[in-house]
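Residue numbers start from 1 in every chain, and the chains themselves are labelled A, B, ... in the order their sequence lines are given, proteins ahead of strands.
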Amino acid sequence: MQKFIFVFAALFLLGNSGYAQKLFTRDAKIKFSSDTPMEKIEGLNKSGTCVLDAATGKMEWKVLIKGFLFEKALMQEHFNENYLESSTFPNAQFKGQITNLSEINFSQDGKYTAKAGGKLTIHGVERDVNVEGTVKVSKGSVEVLSNFVVKPEDYKITIPSLVKDNIAKEIKVVVSAVLQPLKS
Amino acid sequence: MKSKRLLYILLAVVVIGGAVGYTLWNKPHQDIGAAKADIAIDAVALYNEYNTDENAANAKYLDKVVAITGKVKEAAKDGDGAVKVSLEAGSDMGVVACELSPFASHARTDFQAGEQVTFKGKCTGLNLDVIFVECVEAKK
């Protein structure tokens with residue numbers, strides 16, 4: 001009987017840990033673009049971190065502002081010094097939750113629509129956001145992708161009136177990450 | 001006659017102003033390969049400094065050209081051909097990650113695990129790893 005209970009308990013624990021796992025990457029890509037008739041500005045960061053708990057849907061993204069690269073050096077300089085003030089606010093992050101977790105099966109290959117809600121912090125300003133994206137499960141890796149829009153004024157990013165026509169009112173952001181199970 | 005001279009001066013101002021503006025606008029990224037490093041440090045020591053006092057380390061290293069020396073843990077190429085070299089930091093938790101510069105040409109982009117290398121690059125801070133961008137391998 002005791003043996004039976006032990007086996008049962010072991011199976012129960014194993015079953016639970018099956019997808020009680022954390023997924024992680026340190027190579028998340030964060031890209032944003034500002035498109036106006038005057039000019040197109042793009043910044044790209046390839047060293048974001050993303051951790052997703054597949055069991056609870058909890059998710060965190062973090063990226064260093066100084067790691068965004070621009071084609072033009074001057075844009076990179078203005079982005080850091082004047083707009084994002086990266087020496088004062090060195091990173092941006094999202095802390096939240098997948099809100100439709102029941103619709104995503106992390107143990108079955110496929111492409112799922114995902115919804116997430118949480119707090120996005122940029123330039124020291126924290127705001128509640130809701131975004132949509134996709135979760136693609138294939139052979140043990142999980143790819144998360146989302147497109148959303150950020151308004152500079154929502155995050156107290158002031159654009160001087162001289163260049164206000166050069167910078168979009170709505171900045172398009174694309175985040176993507178290929179996550180691997182976290183070895184603990 | 002006087003107004004003609006004024007016109008020439010005005011024209012010169014516009015041309016010079018435009019040229020200066022255009023040059024500034026197209027200012028190239030800093031040539032890290034040719035730049036002299038502000039600070040030289042070992043990857044393990046740098047990682048320790050960051051994990052002891054992040055703010056102090058940021059004050060010391062951000063926006064500087066840093067020569068960083070360490071042992072290659074792994075080197076990875078992404079879908080765009082961008083290379084990221086991870087240097088051992090004496091910890092299981094993180095590495096010193098060096099993104100090769102997309103703005104510079106590189107003598108080589110293949111690095112083997114275990115070899116000792118020195119990169120010059122710009123420190124962007126701590127996000128689990130200490131991350132460097134715009135890296136160029138330093139000439140020996």
Notebook entry, point to check: Would B/L128 and A/K62 satisfy side chain to side chain contact (heavy atoms under 4.5 Å, CB included), going step by step from the backbone distance to the final call?
Noted result: CA-CA 10 Å; B/L128 289 177; A/K62 188 173 168 189; over 6 Å; no
Notebook entry, point to check: Between B/D92, B/V133, B/D78, which has the largest tally of heavy atom pairs under 4.5 Å with chain A?
Noted result: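 When all of B/D92, B/V133, B/D78 are compared, B/D78 has the most.
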Taking [Y] as the starting point, is it possible to reach [X] by hopping between hydrophobic residues whose side chains are less than 4.5 Å apart?
| X | Y | result |
| --- | --- | --- |
| A/I41 | A/L69 | no |
| B/V136 | B/V72 | no |
| A/F79 | A/L44 | no |
| B/L126 | B/V85 | yes |
| A/V135 | A/F148 | yes |

Next item on the list: Search all heavy atoms of B/P28 against all heavy atoms of A/A73 and return the closest pair with its distance.
Entry: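 What the structure gives for the nearest pair is O-CB, 3.6 Å.
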Notebook entry, point to check: What part of B/F103 is in contact with chain A, defined as an atom under 4.5 angstrom from a non-hydrogen atom: side chain, backbone, both or neither?
Noted result: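 Answer is side chain: those atoms of B/F103 sit under 4.5 Å from chain A.
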Notebook entry, point to check: Checking heavy atoms, do the side chain of B/K84, its backbone, both or neither come under 4.5 Å from chain A?
Noted result: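 Only the side chain of B/K84 comes within 4.5 Å of chain A.
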Check: Going by heavy atoms in the side chains, are B/K122 and A/K66 under 4.5 Å from each other?
Finding: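 Sidechains of A/K66 and B/K122: no contact.
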Is atom [atom1] of [X] surrounded by more than 12 heavy atoms (other residues, nucleotides or ligands) closer than 6.0 Å?
| X | atom1 | answer |
| --- | --- | --- |
| A/L162 | CG | no |
| A/K95 | NZ | no |
| A/E153 | CD | no |
| A/E71 | CD | no |

Please classify the contact of [X] with chain B as side chain, backbone, both or neither, using a heavy-atom distance under 4.5 Å.
| X | answer |
| --- | --- |
| A/N80 | neither |
| A/F68 | neither |
| A/Q93 | neither |
| A/K29 | side chain |

Note to self: Given 3.5 Å as the limit, does a donor-acceptor pair link the side chain of B/H29 with the main chain of A/F70, or not?
What the structure shows: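 Flag set: sc B/H29 to bb A/F70 pair under 3.5 Å.
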Margin query: Working to the nearest 0.5 angstrom, can you tell me the gap between B/N26 CG and A/L74 CG?
Written below: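 One gets 9.0 Å once the value is rounded to the nearest 0.5 Å.
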Next item on the list: Verify side chain to side chain contact (heavy atoms under 4.5 Å, CB included) between B/I131 and A/L64, making sure each step is shown before the conclusion.
Entry: CA-CA 9 Å; B/I131 301 166; A/L64 293 169; 4.0 Å; yes
Checklist line | Audit row: A/N91, B/N127, side chain to side chain contact (heavy atoms under 4.5 Å, CB included) steps and yes/no | finding: CA-CA 9 Å; A/N91 56 57; B/N127 185 12; over 6 Å; no
Note to self: side chain to side chain contact (heavy atoms under 4.5 Å, CB included), that's the test. Do A/K72 and B/K27 meet it? Break it down for me.
What the structure shows: CA-CA 7 Å; A/K72 291 201 186 303; B/K27 181 178 82 162; over 6 Å; no
Check: For chain B, which of A/S47, A/G48, A/S86 has the most heavy-atom pairs under 4.5 Å?
Finding: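 Most heavy-atom pairs within the cutoff with chain B belong to A/S47.
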